[in-house]
Amino acid sequence: MAGTAVETTPKAEQCDVSPVTRLPRRADFLRVAAERRRWAAPGLVLQVAPRPEPESGAETGVRVGFTATKKIGNAVTRNRARRRLRAAVREIIPRAARPDCDYVVIARGATGTRAYPKLLADLRIALEKCDALRPCAAGEAP
RNA sequence: CCAGGCGGCCGGAUGGCCGCGCGCGGGCAAUGGGGAAACCCGUCCGCGUGAGGAAAGUCCGGGCUCCACGGAAGUACGGUGCCGGUUAACGGCCGGCGGGGGAAACCCCAGGGAAAGUGCCACAGAAAGCAAACCGCCCGCCGUCCGCGGCAGGCAAGGGUGAAAGGGUGCGGUAAGAGCGCACCGCGUCUCCGGCAACGGCGACGGCACGGCAAACCCCACCGGGAGCAAGACCGAGUAGGGACGGCACAUGGCGCACUUCCGCGCCGCCGUCCGGGUGGGUCGCGCGAGGCGUCCGGCGACGGGCGUCCCAGAUGAAUGGCCAUCCAUCGGCGCGGUUUCGGCCGCGCCGGGGACAGAACCCGGCUUACAGGCCGCCUGGCGCC
RNA sequence: CGGGACGUAGCGCAGUCUGGUAGCGCAUCACACUGGGGGUGUGGGGGUCGCCGGUUCGAAUCCGGCCGUCCCGA
């Protein structure tokens, strides 16, 4: 499924990839959570909020933050969950997500053990359910 | 070969695709982007480098940083606790000593003081700490239904209670008994000897006087200022109810320096100038160190010293990864072969499972706890063979 | 990073300082009162005292080490 995006060269012209940066501040996490646009999949929870307009107008692409709480395990478990989510996000978000939003991905207990293709599917479905699919990529959804 | 004990070490490997942090070099992007500013930053390529033995728990000890701090004596509080050594230091470690366990190798022990004092020892038991006598034993006298009973004394062997009952075992001794006498053991005191010491040993004397609990209060000896990298420093915007400095005013009082005493010190009100708080703003602190490895010397050892060599993570919503393949170690099942002390063990093949505990956050020395599996060395005991 | 509290019956708590018997309320069970339910009364059952060691004759209690939960401060 990663191959489909690579092969669609003509589409890539109109649907170019957005650069992904991290969301580092607690205030941003709170703002995204307050928006209450969220979807819980078996492997992850996704929260979405429109990015506040930077008046200078320079878009920096989508911003993504990760959360792994103590509830899902010790430090090793949390690190592994966050790294898998990071890998999944890198594979999906730049092409499939609306570029004018901020995202927070929260790890769940199954994040570390869920089969990777299913984790990718979880993220796609969550984007769709949160109405955060990139318009031109909507038809590409499985 | 089997069983056991001790010490040390390792803790998956190789490859493919796609990525991350930091450092260095080069190209492109510049009149560049974000931001109030300090300050931070792109993209492409190459090279280097990137978690642990416990990085964990945060139980001790230090370095470092800031704060506090005048001195003396005593008190309080907390910790440690056989002796000697080691160390920057320790509650760690090493070597001894003593006690306990084990057939042995070896293992375990908060192991100072109970004749400084206070307290406790439930239940049971006559009696629980100071000597005493419930059943009992015995001489004498009296009575007698000849079983024994009473009185006056002597005794603590035996019984019984208990975790513990005023030394233990044996012989002698006696009316019965008793360290009453003797031997051995234990205990105490003293002399001498060995040892730096803890302690051990020989001997003499004592004739049992000294129950246990100090992880009960306590006594003795020694140690201890407080806080922690969110320490702290600088930069930026920028304020007063805070601070510093200068001037004026000023007490007899109040507060503070753990407590007390003595001496000592600081602060309090007004004006001016400068600084200054929060907002988890930014940068530094932030990796050459009680450092790693090798080797030689001293030491039983912990450890110390010399020489050579290496530079070895620095994130901050937090890099060190995601996915996959093969191999190896290994586990379960089946089959075949070998061996056996009939419990098993070893080798080969096939199928399936499948990587333990766990992630640096200022650094270091320990301790404690978790951990699939494996390797090496030494020691003790048993069996077999030569 | 620093500090503190708690863990005892199904639930909520005493007992721990000062060591020897684990107790109270609710719930639960049986019986009685009632035509039945509720309610009341009487009686009963139920606890590895978070786990592992140590001290002691004896540990829920004292000491040490682990585990878990919660709460403060910076």
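Computed from a predicted model, the values in this text were never measured in an experiment. Note: hydrogens, waters and symmetry copies are ignored here, and every other heavy atom, side chains too, is used. Every chain is numbered from 1, with letters handed out A, B, ... down the list of sequences.
Both A:L127 and A:Y116 sit in one connected hydrophobic cluster of ILVMFWY residues. Membership requires side-chain heavy atoms under 4.5 Å apart, directly or through other members. Residues A:L85 and A:V64 are members of one and the same hydrophobic cluster, defined by side-chain heavy-atom contacts under 4.5 angstrom among Ile, Leu, Val, Met, Phe, Trp and Tyr. In the hydrophobic clustering of this structure, A:Y103 groups with A:L120; members are Ile, Leu, Val, Met, Phe, Trp, Tyr whose side-chain heavy atoms approach within less than 4.5 Å, directly or through other members.
Partner assigned to B:rG172 is B:rC180, using Watson-Crick or G-U wobble distances below 3.5 angstrom. In a base pair of the Watson-Crick type (N1 to N3 plus N6-O4 or O6-N4) or a G-U wobble (N1-O2 and O6-N3), with each distance short of 3.5 Å, B:rC190 is matched with B:rG203. Pair assignment for B:rG343: none, as no Watson-Crick or G-U wobble contacts are both less than 3.5 Å. With both pairing distances under 3.5 Å, B:rC327 is matched to B:rG12 as a Watson-Crick or G-U wobble pair. Using Watson-Crick or G-U wobble geometry with both donor-acceptor distances under 3.5 Å, B:rC146 finds no partner in any strand shown. The partner of B:rA249 cannot be assigned: no Watson-Crick or G-U wobble pair with both contacts below 3.5 Å exists in any strand. The pairing partner recorded for B:rG211 is B:rC121, the criterion being a Watson-Crick or G-U wobble arrangement whose two distances lie under 3.5 angstrom. Across all strands shown, B:rC222 pairs with B:rG79; the Watson-Crick or G-U wobble distances both stay below 3.5 Å.
Between the P atom of B:rA356 and the CG atom of A:N74 lies a distance of 12 Å, rounded to the nearest Å. Put simply, CD1 on A:I72 is 14 Å from C1' on B:rG317, counting in whole angstrom units. When rounded to the nearest whole Å, the span between CG of A:N79 and P of B:rA55 equals 18 Å.
With rounding to the nearest 0.5 angstrom, the CD atom of A:E91 is 8.5 Å from the CZ atom of A:R124. In this structure, A:L123 CG and A:I93 CD1 are separated by 5.0 Å, a value rounded to the nearest 0.5 Å. Here the CZ atom belonging to A:R84 is positioned 5.5 Å from the CG atom belonging to A:L119, to the nearest 0.5 angstrom.
Under the 90° criterion around 0 for the glycosidic angle, B:rG53 counts as syn. Annotated as anti: B:rG74, whose glycosidic dihedral deviates from 0 by more than 90°. B:rC121 adopts an anti glycosidic conformation, its chi angle falling more than 90° from 0. A syn orientation is assigned to B:rG343, its glycosidic angle lying within 90° of 0. Annotated as anti: C:rA27, whose O4'-C1'-N torsion sits more than 90° from 0.
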task: Check step by step if side chain to side chain contact (heavy atoms under 4.5 Å, CB included) holds for A:F66 and A:V104.
output: CA-CA 6 Å; A:F66 298 93; A:V104 170; over 6 Å; no
task: Kindly determine whether A:T67 and A:V105 satisfy side chain to side chain contact (heavy atoms under 4.5 Å, CB included), including the steps that lead there.
output: CA-CA 6 Å; A:T67 294; A:V105 188; over 6 Å; no
- request: Please step through side chain to side chain contact (heavy atoms under 4.5 Å, CB included) for the pair A:V48 and A:D102, ending with a clear verdict.
  value: CA-CA 6 Å; A:V48 183; A:D102 287 341; over 6 Å; no
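Taking atom P in both C:rG23 and C:rG46, the straight-line distance is 12 Å, to the nearest Å. For the C1' atoms, the distance from B:rA302 to B:rG200 is 26 Å, rounded to whole Å. Taking the P atom of each, B:rG46 and B:rG352 are spaced 41 Å apart, rounded to whole Å. B:rG201 and B:rA3: their C1' atoms are spaced 40 Å apart (whole Å). Taking atom C1' on both nucleotides, B:rC375 is separated from B:rC328 by 15 Å, rounded to a whole Å. For the P atom pair drawn from B:rC10 and B:rG52, the interatomic distance equals 11 Å after rounding to whole Å. Across the C1' atoms, B:rC180 and B:rG206 are found 16 Å apart, a figure rounded to whole Å. Distance check on atom P: B:rC60 versus B:rC67 gives 27 Å, rounded to whole Å.
Residue pairs satisfying the side chain to side chain donor-acceptor pair (under 3.5 Å) criterion with at least one member in residues 72-81 of chain A, sequence neighbours excluded, are listed as follows: A:N74-A:T77, A:N79-A:R82. The salt bridge (charged side-chain N to carboxylate O under 4.0 Å, His left out) contacts involving residues 111-122 of chain A comprise A:R114-A:D122, where partners must be two or more places apart or lie in separate chains.
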Between the protein and nucleotides 320-326 of chain B, which nitrogen or oxygen pairs are less than 3.5 angstrom apart?
from, atom 1, to, atom 2, distance (Å)
B:rU320, OP1, A:R86, NH2, 2.7
B:rU320, OP2, A:R83, NE, 2.8
B:rU320, OP2, A:R83, NH2, 3.2
B:rG322, OP1, A:R80, NH1, 2.8
B:rC323, OP1, A:R84, NE, 2.8
B:rC323, OP1, A:R84, NH2, 2.8

N/O contacts under 3.5 Å, protein versus nucleotides 68-72 of chain C?
none

Under 3.5 Å, which donor-acceptor pairs link side chains of residues 34-46 of chain A to any protein atom two or more places apart or in another chain?
from, atom 1, to, atom 2, distance (Å)
A:R37, NE, A:C130, O, 3.3
A:R37, NH2, A:C130, O, 2.8
A:R37, NH2, A:D131, O, 3.2

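Side-chain contact check for A:I106 versus A:T111: every heavy-atom pair is 4.5 Å or farther apart.
For the pair A:A68 and A:T77, both in contact range of RNA chain B, the more 5′-proximal nearest nucleotide belongs to A:A68.
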query: Reading RNA chain C 5' to 3', what string of ( ), [ ], | and . shows its pairs, if Watson-Crick and G-U wobble pairs count only when both distances fall under 3.5 Å?
result: ((((((((.[[[[.)....(..]]]].((((((.....)))))).....[[[[[..)....]]]]]))))))).
